[in-house]
Amino acid sequence: MIAAVPVLLSRTVLLLVAVLLPTLFPSGMPGRPDLVLLVVAAAALMHGPVTGALVGLAGGWLVDLVPPGGEPLGAGALSYAVAGALVGAARRWAPASPLVPWVAAVGGAVVIQLVRGLTAAAGVGVAHPTDLLWSVLATGLFALLLLPVLIGVERFLIGRGWSRVGRVRS
Amino acid sequence: MHARRRRLVPRLSGARATRVLLGLLVALTVCVLLLDLARPAVTAPVRRAGATVFAPVQSAMTGWTDDRLTEVTRERDALDARVKELEAEARTSEQLTELERAAAGWGGHELLPARVVGFSSGSTPIGGRTVTIDAGEAAGVRRDQTVISSDGLVGRVIRTAPTSADVVLLGGSDVVVGVRFGTEGALGSVDGRPAPGLPARASGQLTLTAVGDSEIAVGDLVTTLGSPDSVPYVAGVPLGTVTSVDADRGQLGRTAVVEPFVDADTLDLVAVVLLGEEVR
């Protein structure tokens, strides 16, 4: 249990930075990259769907709670948990190509924006399709740079023996 | 007895324990979600606690707040408000109409300067347009107060915390503003979501629906009509201009596209209209 503390701590710090960083850059780009999803995707790609869903749940709760937050409370947590689990499911194909992690992360971003678009189409909330598309594009672009770094952090944690690699179930 | 209990713990360790933990947390989240939908008042303290913890961090990250800058901005906003109010008054007296029934314009109230410190995430399941400002209950901000910038109407306060407040912007979900437009001051309403059957709007554009059969012309200035007792919107705040008029489809009120004056993506310094504190 004590061995898990550095992992929990580092992921908490990463998620907090990902949630709070957009405060520094309020304007400019048409779409905001989803940094929380990238942290979730890195953990999910190294440890599988269950860990991915747990980190997604934590990240989503932060998104919901950090002002101005999301409506209703907990919806963001569930959608990030689903995205984390789906990205984690792509882990078994990771050895096939170095592009798989990137494709999986973009897939996660698509899932999250798709939920947003579907609720807006159902008449709850406002979301313009162009905004959703820009957000996915921005996330994909940032994933090129940040995903290798975040996966490197996860590898470092495994290398120090602070976190174990879960077995791939076939 | 003791040994048996010890054995139970390792059996639940590893991948299985993680799975049980995930199940519990997801169940808890679903419970909170349902509670928030059914009784928002119950979960309000949770949000409040989050705002109390994170708002000072966001405020610090947004950067120093120069007292002189704040003071000068307040003066500018107050003078700007006064000029716009006088212009509106001149227009009213010129037309000799009695349409301007709202008693208090926004120039008569005290303006509290605030800085935008947080933007709503673009990835929450329910799309919305909300920002956080660094002024809260301690500074006198209350729910349903109007928020403006030097350009025009920004939105209204929906939630307050001790040192921060959340503002729902124009074009957010369920934001409908009563407005006057054109030289005659015809009545209408502005909505972020177009009514069914209208052509799709670009991001950020609003829909004006006229009340009755008043004509809308491209270039018409749209200002707020004002709510009873100025809650949640004070009267006479510029909102946007009409950029195109939709084709007449035989509906009750004509509709048009409104381009708001305030760009939601580059909001920085805003002002909260403090009601009941006349400075004149």
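Quick caveat: nothing in here was measured; it's all calculated off a predicted structure. Each chain gets a letter, A, B and so on, in the order the sequences are listed, and its residues count up from 1.
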Ranking Ala165(B), Ser123(B), Ala161(B) by heavy-atom pairs under 4.5 Å to chain A gives rank one to Ser123(B)

Which one wins on heavy-atom pair count under 4.5 Å against chain B: Gly48(A), Gly125(A), Pro67(A), Gly74(A)? Pro67(A)

Measure the CZ-CG distance between Arg48(B) and Leu65(A) for me, rounded to the nearest 0.5 Å. 14.5 Å

Can you measure from CG (Leu62(A)) to OG (Ser121(B)) and round to the nearest 0.5 angstrom? 11.5 Å

Using a 3.5 Å distance criterion without hydrogens, assess whether the side chain of Glu71(A) forms a donor-acceptor pair with backbone atoms of Thr124(B). no

Most contacts with chain A, counted as non-hydrogen pairs under 4.5 angstrom, among Pro125(B), Gly50(B), Gly118(B): Pro125(B)

Do the side chain of Thr29(B) and the main chain of Leu78(A) share a donor and acceptor less than 3.5 angstrom apart? no

Against chain B, label Leu16(A) side chain, backbone, both or neither, depending on which of its atoms sit under 4.5 Å from a heavy atom there. side chain

Highest number of heavy-atom pairs under 4.5 Å with chain A: which of Val32(B), Leu37(B), Val117(B)? Val32(B)

Just by modelled atom types, is the Leu73(A) backbone N or O under 3.5 Å from a matching donor or acceptor in the Asp36(B) side chain? yes

Checking Val26(B) against chain A: side chain, backbone, both or neither under 4.5 Å from a heavy atom? both

Residue among Val57(B), Ile133(B), Thr130(B) with most heavy-atom pairs under 4.5 Å to chain A: Thr130(B)

With a 4.5 angstrom heavy-atom cut-off, could you sort out which part of Ala120(A) is near chain B: side chain, backbone, both or neither? neither

Heavy-atom pair with the smallest gap, counting every atom of Pro68(A) and Asp166(B): O-OD2, 3.5 Å

Heavy-atom closest contact (Ile126(B) atom, Arg116(A) atom, distance): O-NH1, 3.9 Å

If you count heavy-atom pairs within less than 4.5 Å of chain B, which of Ala83(A), Ala53(A), Ala127(A), Ala109(A) leads? Ala53(A)

